[in-house]
Each structure stands twice: as C-alpha cells, then as structure tokens.
Amino acid sequence: MSDYFNVSDIFGECVFNDTVMQQRLPKKVYQKLKETISEGKELDLETADVIAHEMKEWAIEQGATHYTHWFQPLTGVTAEKHDSFISSPMANGKVLMSFSGKELIKGEPDASSFPSGGLRATFEARGYTAWDCTSPAFVRHDAAGATLCIPTAFCSYTGEALDQKTPLLRSMEAINEQTIRLLRLFGNTSSKTAKPSVGVEQEYFLVDREKYLKRKDLIYTGRTLFGAMPAKGQEMDDHYFGAIRERVASYMKDVNEELWKLGVPAKTQHNEVAPGQHELAPIYEEANIAVDHNHMIMEMLKKVAERHGLMCLLHEKPFDGVNGSGKHDNWSITTDDGINLLDPGKTPHDNKLFLLVLTSILKAVDVHADLLRESAADVGNDHRLGANEAPPAILSVFLGSQLEDILNQLVDTGSATHSLEGEKLETGVKTIPDFMKDATDRNRTSPFAFTGNKFEFRMCGSADSISEPNVVLNTIVAEAFSDACDVLEKADDFDKAVDELIAKNATEHKRIIFNGNGYSDEWVEEAAKRGLPNIKSLVDAIPALTTDKAIKLFEKFGVFTKAELESRAEIEYEGYSKAINIEARAMINITSKQIIPAVVKATVEIADSVIKVKEACGADVSVQADTLTEIQKLLKETKESLKKLQEVVEIAYEMEDGAKKAMYYHDSVMTAMEELRAPVDSMEMIVDKDRWPYPSYGDLLFEV
Ligand code: ADP
Ligand code: MG
C-alpha cells in the first residue's frame, strides 16, 4: 500500500464504470446498455455477449483470473461462487480465456442450502443469479488473486426472490412509476425517472485481534456474552468526535483507499460515542448501488482490520453497558434531471408539491409503522431497539420547528401562509463571523428524522443489510403517492384538491409526529395514548410481514408475493432461533470449559493460602476466607444457572421451527442466559485477573 496517493487517480480504478464502458464498448452497444441502466429497458443476449467479452478483457488486464456472480441471499451476508475464465483445453494443450453473454447474465449456483423459507424444497435445488447491470461490476484484489465481481439478483426456479436485491429493484420500479405519475400531475413533463437516493452511515467497533481470538463469544457470536463493566465507560463523552488514534487512523486510511478504488465514495469518518467505536459514511448514491456499496464497506472494514492486527465488530451490541452500533439510512427521491422531491425550498409553505410529498410520507410511515419497525429488526438489534438503548422501538417522525409549524397551520386552518426562518448565529466573539442558522435544530433521539432535504431512518442495525428498510420505504411511499394520484387524477379543481389532500394527510397522520425526547418514559406513555405501536423485539415484529395490509401493499406494487412474504417471515423466525441457540451454546461451553475450571483453580489457590498463612504465622486469614466464601457462593449460582440454561436449550432445540420456537428462545433461553451471566460477571470482579480466562471489557475497549 502506497503512503500517499492522489484520490482522483485511484477512484474507481477497479470498476467497470461508465468511462470504461464508453471507451471499450461499440457505440451502439454502449447506448443500449445505458438505456437499460437508466430507463429499465430490456437487454438482448447479443448485446450481452459483446459486453461480456469486453468486461472479461478489461478484467484480465486488471489481473483477474476468475469471475463471480456476487449476490445477497437471506443470510445477511453476500455470497459468491468463483469460476475461472479458462475454457476446455484445446488440441494443442493450451486454454483460451472466455466469458459469454450467457455467463454474464445468468448463473446457477447449487442453491439448495441457502435459506428459502419453504419456497423451494431441497430436491428442487435450482436457483438462478441474474446480472444487475444497474450496479457496476468490479475487480476485487485479495489473497485469492483478482476476481471480477458481477452484482446479481438471486431467484428460485419459479422466479421467487431469494435475496435482498430483487425486492429492492422491484420497489425502485414501484416508486419510480408513482413519482413520475405524481410529477406529471404537477405539470412536470421533463423528468424521465425518479429514484431513491440513499446514504448509509455505518457504525462499527475495532478491537485488537490477539485479544479477540481469546474470546470464544466474539468468535462464535460477534458479541460478548460475558464481561464486567470496566472502571471507565463512555460517561466522559471524550471519545465522540475525539482525535483519532494513530493505529485506527492508519486503518481508516487503508479502508478509504480500498473503497475508493472500488468506486465507493467514502466520505466521512469519526470516532463514535463508545470507546473503540467509529463511523464511516459514503456520499449518497442511487439506492441499489448504495446497498451494494454498504455490503462492500462492511466486507472491507473487516478485511482491512485483519491486516492491521485488528478485528472489526459489526454486531449491534458487542458490549453490554456501552453504546451499540446502528446504521442510519438517509433517504430521498431524486429525478434524472436533478429534482430532489424532499427539498423544501426557501418557503416550504407555498411549495405544494413538497408539502404533498411530505404529508404522503407521514401517511406512509403512520400506516406502516409496523413494517418499518420490522425492516430494522434483526437479532442483534433487539439489544438496542426497545431495550435500554436508543433509538426507541416506537416509530415517530421528527420534522423540526419550521415544518411542524407549517403542519400546524395546515391542520388548524386548512392552509399554510408563512414559513419560519433561520436566525443569525451570534457567538459573542467578534472574530468569528456570524452566519445564518438552519431553520430547524436537529433531534438525535428520533428514529425517523427530517434532516434538511432527506429523511434519516435511524433504527437500522449495523450488521444487517440495508436493503429491507429501503424496500419498505420505497413501497410504502409508492402507495401513498399512488393514493394521492388516484384522488388528484379525478379532481375537477386540481389546486383545491391538492390543498385539501395536504390538509387531510396532515390532520389524519399528525399523531406520528414527535419532536421531543424519544428516549424519555413520558414518550412511551404518550405514544401508547396516540395508539402508536411499540414493538419490542424481532419475534414480535415478524408478524407485520404477513398481515393482510402488508400482503395487499406488496402485491399491489409487485414487490413481494404472499408466498415470498411468508417465506421471509419463516426465515426470520428460524434465523432468530439459530442465532440464540448458538449464543446459548457458546455460553454453556465457555462456562463449563473455561470459567468454572479457572475459578476452581483460583479457589484452590486461595484455600492453600488460608492454610499456609495460618500455619506460618497464625495471622488473621478472614480476608482470604471471606473471598473464598463469596466466590464459592457465586460459583454455585453459576453452576445452577448453567444447568437451567442447558435444560431450556434442550427443550428449545427439540421444538419445531417457527414462531413458537423463536418465542421460546426469546422468553426462556434469553432469560436463562442473563441469569447465567450475572454471577459470572460478579466473579470476574473478584478473581485474580491473571486467572481469568479471557480479556476484560477494559482490555478490549481501551487497549486498541
Ligand atoms: P447528517 O449530518 O444529517 O447525518 P451528513 O451530511 O453527514 O448528514 O450525511 C449523512 C449521509 O446522508 C451521507 O451519506 C450523505 O451523503 C447522505 N445524504 C446527504 N444528502 C442526501 C440526500 N438528499 N438523500 C439521501 N442521502 C443524502
Ligand atoms: Mg446522520
């Protein structure tokens, strides 16, 4: 890795991007591909053949020996199967490098062992990967050499989506269609397409690799299952935005360099709230690419960490008692000619299109709060949402003072006549220039906040794919736009109908707006009064996927069929049970094989010292004796809790897959896990540090 480099020289150098395509593809082929990418037109096999050939030549120049269809099955991580470019040896014993259009557009991984939630029996192993030309192919360099990675969708033999990308692309088509329909009603004849823009802020932890390898819980589950709190936590607020340490800075530099080469516009980096926690945010891109890039970011964060003797933890709650990690999904809608539908302009009160868009989004979020909540749920995120950490599990929307004021005018009088303006910021220091403040302050506790010209959905989990939240957002907003168009298309007096619709949406859905402190207990009460759902866990959230309301929504816009939704619900229940089962078994192993033996040794040592000290001088050995008694008491508690955990895990394991089993893991197994953790963490505080079998929270969080 070079020490210094020019970003514009390396940016996108490993990507089969527009510049490369323009240089390499015959003009007609290039144009056809462009039409497919930007307007969604179909692509024929002949054109694909030409593209495949040029893509291969370019990749080989980059050193590639293999290609892979890179896809996102419902495992939470990406999958790939590598094929080399070599064709069968010729008579002279040599080989040619080949790659056909068919190989580019279609792959057939033997897919029977990816989760399908009953969509495909194991004997029907066929699954297809299909080229997504809207997300550029790239060459990845690593220990395996160089590999041409082709972003693909993954479907069953009968065309059902088995991945994250297919529904996302479908939902983008839905919102495109409804947005253009709405724009036409407002007299826009120039915009051809409208796409969701997405910018994903990614939080993560870094720990030392050597220490990580001594923690079986981190290795097997990605989070610590035991661990007493260190003397210092995050209470000093000295880590957030603090100066970045050398070791971490050098890691971030390498991550950026690798990402830039792959065309990922990594932009912002800083320390986060918890010690050892950091954030990376790229510049926003069209949803599909942003989702792919987020996967690449997660992979790169992990890969580069190992090179630096570090490990990157993407889990939502790697450490109890300190801040967990999330992923903020910044979302807006942009047309091909650069209109951002969420841009309020200087005087939002008279921007009718904006107000209709805004109030339609309020309606969408209010009506489908349960679905949005579900889209952000994953096993790890249960430790944040609705547990003792923010953001809360209740969905509400923060608009800020300016927009809230406009909404109030609409609700009270049916129309809005003025917009609050930002004031001058005066610091009281002459040498600091005064400047205009934003019309609205920020709110860090809101799960769904309007931030200037976009919404920021903050519930999402750090380890989860960001696809599902965007699928839901795109589809529910498409529905709200479609409802609006249905009304406006029939209206005799368009302007009047628009005003009425804006006021109606604002009035009917104002209960979803909350500008106060989302972390407070009062809000939980207030939200209950307003009838807003407070869904506490993943298992409680999953049913939202298969309500009549959800099925009607997703089927109407061709995003999911009923069968696909049911399969997803099943996969999530199963995934939950499996994840908790692994955690419970890891706890059982660590307790039986590491903790109890270590503590037993420690007690023998103390007992020895009691006898020896007494023999040697007859001194008071009550400190040793008290410590011993205390440890023995905790050890007994540990043993009993261990037995209890073993029992419930056994029961859970025997249960048939599905909601009941997941619920049992949630209610009984998780509780038994907590009961085991308590005495173990107490013992960690008493037993000799050198005797303790794994590095402490302090070692992991502060000694990076
Ligand atoms: P904030 O401070 O409000 O979190 P940032 O400027 O740090 O905002 O941006 C956070 C993320 O939002 C970045 O990925 C950024 O590119 C993205 N973003 C900015 N504007 C938009 C927009 N109009 N639509 C979607 N994402 C956006
Ligand atoms: Mg942000």
Side-chain angles (χ1 to χ4, degrees), residues 7 11 168 171-172 175-176 179 191 193-204 240-241 252 255-256 259-260 262-273 277-298 300-301 323 325-345 348 351 353-354 357-358 361 365 390-391 397-403 422 437-460 462 466-467 469-474 477 515 518:
V7 182
F11 191 85
L168 180 64
S171 73
M172 287 172 68
I175 197 162
N176 174 43
T179 306
S191 301
T193 58
K195 291 180 180 168
S197 298
V198 169
V200 187
E201 300 163 63
Q202 173 75 47
E203 294 179 340
Y204 61 95
Y240 190 53
F241 282 16
M252 287 177 168
V255 168
N256 285 333
L259 288 175
W260 288 332
L262 291 169
V264 180
K267 168 96 174 160
T268 309
Q269 60 200 24
H270 59 79
N271 287 353
E272 259 300 326
V273 176
Q277 193 186 26
H278 310 277
E279 179 180 304
L280 185 153
I283 297 171
Y284 67 94
E285 300 171 284
E286 121 185 11
N288 180 34
I289 297 176
V291 170
D292 284 356
H293 280 176
N294 181 248
H295 275 292
M296 286 155 73
I297 288 171
M298 290 195 283
M300 202 53 83
L301 285 171
N323 213 53
S325 297
K327 188 143 46 191
H328 293 178
D329 187 49
N330 293 272
W331 183 94
S332 65
I333 313 167
T334 323
T335 65
D336 58 319
D337 49 354
I339 303 167
N340 174 1
L341 273 86
L342 285 167
D343 188 352
N351 186 345
L353 175 59
F354 170 76
V357 167
L358 181 76
I361 295 175
V365 175
V397 179
F398 170 81
L399 288 181
S401 43
Q402 188 191 46
L403 293 181
K437 292 194 282 194
D438 294 289
T440 290
D441 194 7
R442 287 173 180 274
N443 177 319
R444 285 286 169 207
T445 64
S446 175
F448 201 88
F450 187 75
T451 42
N453 60 1
K454 59 181 161 81
F455 271 106
E456 185 171 345
F457 183 30
R458 301 201 183 114
M459 272 187 172
C460 316
S462 51
I466 200 72
S467 174
N470 286 295
V471 169
V472 171
L473 261 175
N474 296 343
V477 174
N515 284 338

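Only a predicted model underlies this, so the values are computations on that prediction, with no experimental measurement involved. Just follow the structure's listing: the first ligand is 1, and inside any ligand the first atom is 1.
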Indicate, as side chain, backbone, both or neither, the part of H328 found under 4.0 angstrom from ligand 1 when only non-hydrogen atoms are considered. neither

Would you mind listing which atoms of ligand 1 come within a distance below 4.0 Å of any non-hydrogen atom of I283? 16 (O)

Given F455 and V477, is the side chain to side chain contact (heavy atoms under 4.5 Å, CB included) satisfied, shown in steps? CA-CA 12 Å; F455 271 106; V477 174; over 6 Å; no

So, regarding P282 and ligand 1 (criterion: nitrogen or oxygen to nitrogen or oxygen, under 3.5 Å), is there a contact or not? yes

Under 4.0 Å, heavy-atom basis, I'd like to know which part of N340 is in contact with ligand 1: side chain, backbone, both or neither. side chain

Which part of E201 is near ligand 1, with near meaning a heavy atom under 4.0 Å away: side chain, backbone, both or neither? side chain

So is W331 polar-close to ligand 1, meaning N/O to N/O under 3.5 Å? no

Any idea which atoms of ligand 1 are less than 4.0 Å away from a heavy-atom of G199? 14 (O), 26 (N)

Please check this pair: side chain of N176 against backbone of A194, looking for a donor-acceptor N/O pair closer than 3.5 Å. yes

Hits for side chain to side chain contact (heavy atoms under 4.5 Å, CB included) against F354, two or more places apart or cross-chain, chain-then-number order -> P344, P348, N351, L358, L403, F450

Assess the side chains of N256 and Q269: does a donor N or O sit below 3.5 Å from an acceptor N or O? yes

Is there a donor-acceptor contact under 3.5 Å from the side chain of N474 to the main chain of N470? yes

Any idea which of R458, K454, E456 brings a heavy atom closest to atom 9 (O) of ligand 1? K454

Restricting to side-chain hydrogen bond (donor to acceptor under 3.5 Å, both in side chains), what partner residues turn up for D337, sequence neighbours left out? S190, S191, T335

